[in-house]
Amino acid sequence: MTLRALAACLLAVAAACRLAAADIAVVYPERSVAPGERAYAKALAGHLGRWYGRLGIETDLMADGALGGARGHRLIFLVDCYSPPAEVLAAIRAKRAGGARFVVCYSGSAELAGLFGLRAGAYVREPGRCREMAFAPDAVAGGPSTVTQTSDNRFTVAP
């Protein structure tokens, strides 16, 4: 094999790796929020994708309705999925059964909480109080070890 042929093979492998699904999906609602909130929710999800991109971590940005057909994601962020309909809940259930892990941001859905063995509680406003999520060290290569929420607003959850 010539050096030129070897270089072409290596470039083809590199290109194929970029086409593979990212380990991380960032899901924005099209079906899970009111039409007037969709653009804002998509913008929030886009921020998350850009932040990961700055760290050199590839993410797939997708609508909640596309989640059922997506493949290969180990970590899935659900952003602003306030009221996921039955087909979105079914896709989440299937992804969990397949081993995917989820981070849910901005939802008060009792049905969604139930999929994770939790109960959605009341809306709470606590100015100045922060919350933090810690991730397992092997969750996603290059991912953050913690994420801090500084919002005053939250929905409580309980096991």
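Each residue takes its place number in the sequence, starting with 1.
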Return a table of donor-acceptor pairs under 3.5 angstrom between the side chains of residues 27-42 and protein atoms on other chains or two or more places apart.
from	atom 1	to	atom 2	distance (Å)
S32	OG	D64	OD2	2.6
R38	NE	E30	O	2.6
R38	NH2	E30	O	2.8

All N/O donor-acceptor pairs, side-chain side in residues 106-124, below 3.5 Å, sequence neighbours left out:
from	atom 1	to	atom 2	distance (Å)
S107	OG	C81	O	2.8
S107	OG	S109	N	3.2
S109	OG	E111	N	3.4
S109	OG	E111	OE1	3.3
S109	OG	L112	N	3.0
R119	NE	P159	O	3.4
Y123	OH	N153	OD1	2.5

Quiz item: Say you draw a straight line from CZ of F102 to CZ of R74; how long is it, rounded to the nearest 0.5 Å?
Solution: 14.0 Å
Self-check item: Contact check, side chains of Y52 and E58, non-hydrogen atoms, under 4.5 Å
Solution: no
Quiz item: Could you go step by step and tell me if L78 and V103 meet the side-chain contact (heavy atoms from CB on, under 4.5 Å) rule?
Solution: CA-CA 6 Å; L78 299 176; V103 175; over 6 Å; no
Quiz prompt | Derivation and outcome, side-chain contact (heavy atoms from CB on, under 4.5 Å), residues I76 and K95 | solution = CA-CA 9 Å; I76 301 171; K95 296 297 178 191; 4.1 Å; yes
Quiz item: Quick one: CG on D60 to CZ on R71, what's the gap to the nearest 0.5 Å?
Solution: 13.0 Å
Self-check item: Distance in Å, F77 CZ paired with L48 CG, rounded so as to fall on 0.5 Å steps
Solution: 5.0 Å
Quiz prompt | T59 and its side-chain contact (heavy atoms from CB on, under 4.5 Å) partner, picked from L75, D23, V26 | solution = V26
